[in-house]
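Side chains included, hydrogens not; waters and symmetry mates left out as well; all remaining heavy atoms used. Letters go in sequence order (proteins before strands), and every chain restarts at 1.
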Amino acid sequence: MFEKKKIITSTGVEVRKKPLGLRIWTNRGYYVMFLPVAIFVLILNYWPLLGVRFAFYNYKPVGEPVFNGFENFTKLFATDAFWVAFKNTLELSIMKLLITTATAVIVSIFLNEMGNLLAKKALQTIIYLPHFMSWAVVAAVASLFLSPSVTGMVNGMLRDWGILGEADKNIYFLANKDMWRPIFYIINIWKETGWGTIIFLATLSGINPELYEAADIDGATRFQKMRFITMPALANTILTVLILNLAKVLNMFESVFVLYNNAVFEVADVISTYIYRQTFAVALPNYGYSTAVGLFRSLVGCLLFVICNWLSKKVRGRGIV
Amino acid sequence: MKKKVLSVLLASAMVMSMAACGSKEEAPAANNNESSAAAPAASSEAAPAASSEAAPAEYQLTEPIKVVVNGTVNYVKEDSGKEEFIAALNEAVSEYMGYDVTFDFTQLDHSGYVDAVGRLFAGGDYPDVMVMSADMFKQYAPTGLLWDMSEAYDNAEFHARMTLPAINENLKDENGALYGFASGYGNGCITYVKQSWLDAVGMKAEDIKTYDDFYNMLTAFTTGDPDGNGVDGDTYGFISAGLLGNEAPFINYTSAFWQDSYPAILQGEDGVWYDGFQTDATKQALLRLQKAYADGVIDPESYTFGTKAAREKYWSADQTGSAGVFEYWAGSWTENIYNNLEKNGVITDLVSLPPIAEVGAYLNREAPVWVIIDDGDGDNARENAIFKAFCESMLDGDKIQTLWTYGVEDVHWSLKAESITSGSGEKEKTVEYKEGEFHFRNTFADPTQLFKKNNIDNALVVSPLTNGYSDSSDMVDAANKFFTENCVDAPVSPASETLTNESGNIHDAKMAAISAVVIEGGDVDAAMETYVNTVGATVEQILSELNG
């Protein structure tokens, strides 16, 4: 019924495929080397997937799980808080992705333009460092700086500069719905821009210097060289970074968890923090419901991944898998 | 060939690493098998033998008793004589039981205890005994997870010596089942005021009788210079660990503002349950909080503060940005707050303010309880043995109760003739104790401080010590007396399936309303409407379950 596809070399010689067993035996070294990896992946990545079935159960810490069909999903889709979290996840993730990528590109270009190598290296190191700080530490520092108390540094500065008057109250940045997202993006820029520049600096260092030399001869200004040589060279990398990261946008948790509070749930609660609260902030959680939320998130994540793969094929000529 | 050899070596290395990781990962599982899964199995195997060859009371516990606690058991914390306490407890309980008994304590994060227990149970790791808040207990009691200890409790040795039997009698359900055992009454929060701040603004504690007096005091602390640093307006009147707690009695850190409101589901005098959040009293409370926030008399971070952050700011060495009034636990915490102020060089007495007229009385929370996890094998022998080894022995009136109350002799306390120095700077004092005189020793973490209590508060316990050992702290005794003279029992927590499932969402909705009114200065009716739109139907469902 199915004909085997013949493999023909460029010289017209038909290649006969060896039997699978023989091929495995021939490459047994590689298969032996791959075996532990396969076992790792099966145990750590696929075995836990069996827990997905609990999305269809009423499963509490006490007693046996009881199958309840799509009840958890019905509740999920009828819960406003979930949709708020879903919307926030997409908005926060995509905005964060765009902003941090744009900042990383700009900083990379500026770093690339720096003539003093020592200053360039020092600056690079300084902006990389925040990436290695844990989110808990970053949140603690941010809370101190942004404290609405009389000891809060930022409020003190605003008062010293006259931006806050005598009659004005200190601003509670992290409990203010209008301010929380900008603060969140700024903290993310501060923490992740340095790390994000690595890939762009690598691309910039790969641009043929002859292009710049030719531009110099043609009398191009520094801005024109940036506009007509550097940016086009970076464009493909920028798109690649954006597409690769787009598939991960639903994975946001830690950065939000350490910075949000009840006052800003409306703009800050994301799916992961919603799952966390449903699972661990109540005495008798229904793990089935949490699993249903998680499963829904995974399905949306898969969809995004497929879209990204398609976009990647369009833009780069190859997929991301 | 070299490549093949290399690949085999690499593969072997990976397999070895996986084996190493595997053994690491398997350790807790192995423990689980031994201690929780296998323990019931062992008991179920042993139980028939026990019942056929010996009386159930003679069941012997062969595995360590797994105990999960929060931060209320002080001497299982690191650097607090943990090893000595557990060793002494093992020895004393073994003597009490007549065979070797050991305890395996797990102390979970105090402020995140509910979360941590959830994670523990999610991993299928059930202890034998654990402590639960009243709120948590109410939700777990109907589930079948907890063992009915009513018979064991009624037959316990300490029963005849109990001075507060009503505490545990009230915990029994309508069928007489007792799923949790309280070793003491609940205790509650009182209002602390820094005396030096009162002096600095020319006020007297005895004049603070009404909310207006109270508010004037907060305003004076906020606008004046009570810390004496020469700057007006760099302090706050009031600081709290949140504006609404997430466990009963919810309002105990901010009772002066909530007053007659109890923003939770509670039972009226007619026996009908209703939502205290949807009342005019709550709206008035929110408006009081709104004004206090707008006037800046409450430290704005009170909304997001946990207990640790609020405490530390209250007693911080730099009093700039601190507050003069703090509602916190009575009893040993009175001394604790005083000592920390002193340690940080904040020279002040601490006034315990009687409840203002509008508050009437402080709330005595429902007591936290010890629960025993039912292994579900249908045989009570093992659970009875755990009750005797843990709960009954805890109130033996002598050796074991002393361990739970004061800790280990010559580690945490002593009867030896010796001099003990505590405090620092001007407040340093040395006391000479005679032979046989009970006294605490210095803590390991801070030699200027003395140990206080382990878990049981001798002033709150349902069955007192019979050996006469007593904490000599007048301050703690006075604080306990002050609280008991000024408290009423907190409203009883409800138990309903929907409440169990939705308590987190309801709390979120309440906090959203509080935030909208207090932090954003919004309209209280609009906030209430949002609350009703968000969780009103759920609350109605809970009320119908409770009143049905």
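- Only the side chain of A:Tyr276 has a heavy atom closer than 4.5 Å to any heavy atom of chain B.
- The distance from the OG1 atom of B:Thr500 to the CG atom of A:Asn286 is 11.5 Å, given to the nearest 0.5 Å.
- Interface remark: B:Val114 contributes backbone and side-chain atoms alike to the contact with chain A (heavy atom separation under 4.5 Å).
- Only the side chain of B:Tyr236 comes within less than 4.5 Å of a heavy atom of chain A; its backbone N, CA, C and O stay farther away.
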Side chain to side chain donor-acceptor pair (under 3.5 Å) for A:Gln278 and B:Asn505? Distances and angles first, verdict last. CA-CA 8 Å; A:Gln278 291 295 324; B:Asn505 291 333; 2.7 Å; yes

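- Within the 4.5 angstrom heavy-atom criterion, no atom of A:Asp80 approaches chain B.
- Of the two parts of B:Glu247, neither the backbone nor the side chain holds a non-hydrogen atom closer than 4.5 Å to a non-hydrogen atom of chain A.
- Under a cut-off of 6.0 angstrom, the local environment of CZ in A:Phe70 is sparse, with at most 12 non-hydrogen atoms contributed by other residues, nucleotides or ligands.
- Using a 4.5 Å cut-off on side-chain heavy atoms (C-beta onward), A:Val150 and B:Thr235 make no contact.
- Counting non-hydrogen atoms of other residues, nucleotides and ligands closer than 6.0 Å to CH2 of A:Trp83 gives a total above 12.
- The number of heavy-atom neighbours closer than 6.0 Å to NZ of A:Lys18, taken from other residues, nucleotides and ligands shown, is 12 or below.
- Here A:Asn262 contributes atom CG and B:His507 contributes atom NE2; the two are 5.5 Å apart, rounded to the nearest 0.5 Å.
- Using a 4.5 Å cut-off between heavy atoms, A:Ser147 touches chain B through backbone and side chain atoms alike.
- Residues B:Thr304 and A:Leu174 have side chains not in contact (no heavy-atom distance under 4.5 Å, counting atoms from C-beta outward).
- At a 4.5 Å heavy-atom cutoff, A:Thr279 makes no contact with chain B through either its backbone or its side chain.
- Taken from NZ in A:Lys169 to OH in B:Tyr293, the straight-line distance is 8.0 Å, to the nearest 0.5 Å.
- Contact count versus chain A (heavy atoms, under 4.5 Å) is highest, among B:Gly144, B:Gly504, B:Ala294, for B:Ala294.
- Environment of CD in B:Glu312: crowded, with over 12 heavy atoms of neighbouring residues, nucleotides or ligands closer than 6.0 Å.
- For CD of B:Glu545, the number of neighbouring non-hydrogen atoms (other residues, nucleotides, ligands) closer than 6.0 Å is greater than 12.
- Neither the backbone nor the side chain of A:Ala81 comes within contact range of chain B, judged by heavy atoms closer than 4.5 Å.
- Interface remark: A:Leu35 contributes no atoms to any contact with chain B (heavy atom separation under 4.5 Å).
- Between B:Gln139 and A:Leu284 the shortest heavy-atom distance is O-CD1, 3.1 Å.
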Run the side chain to side chain donor-acceptor pair (under 3.5 Å) check on A:Ser149 and B:Lys313 step by step: do they pass? CA-CA 11 Å; A:Ser149 161; B:Lys313 197 163 182 186; 3.0 Å; yes

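- Counting heavy atoms from C-beta on, the side chains of B:Glu301 and A:Tyr172 come closer than 4.5 Å.
- You'll find the side chain of B:Asn501 stays beyond 4.5 Å of the side chain of A:Tyr289, heavy atoms only.
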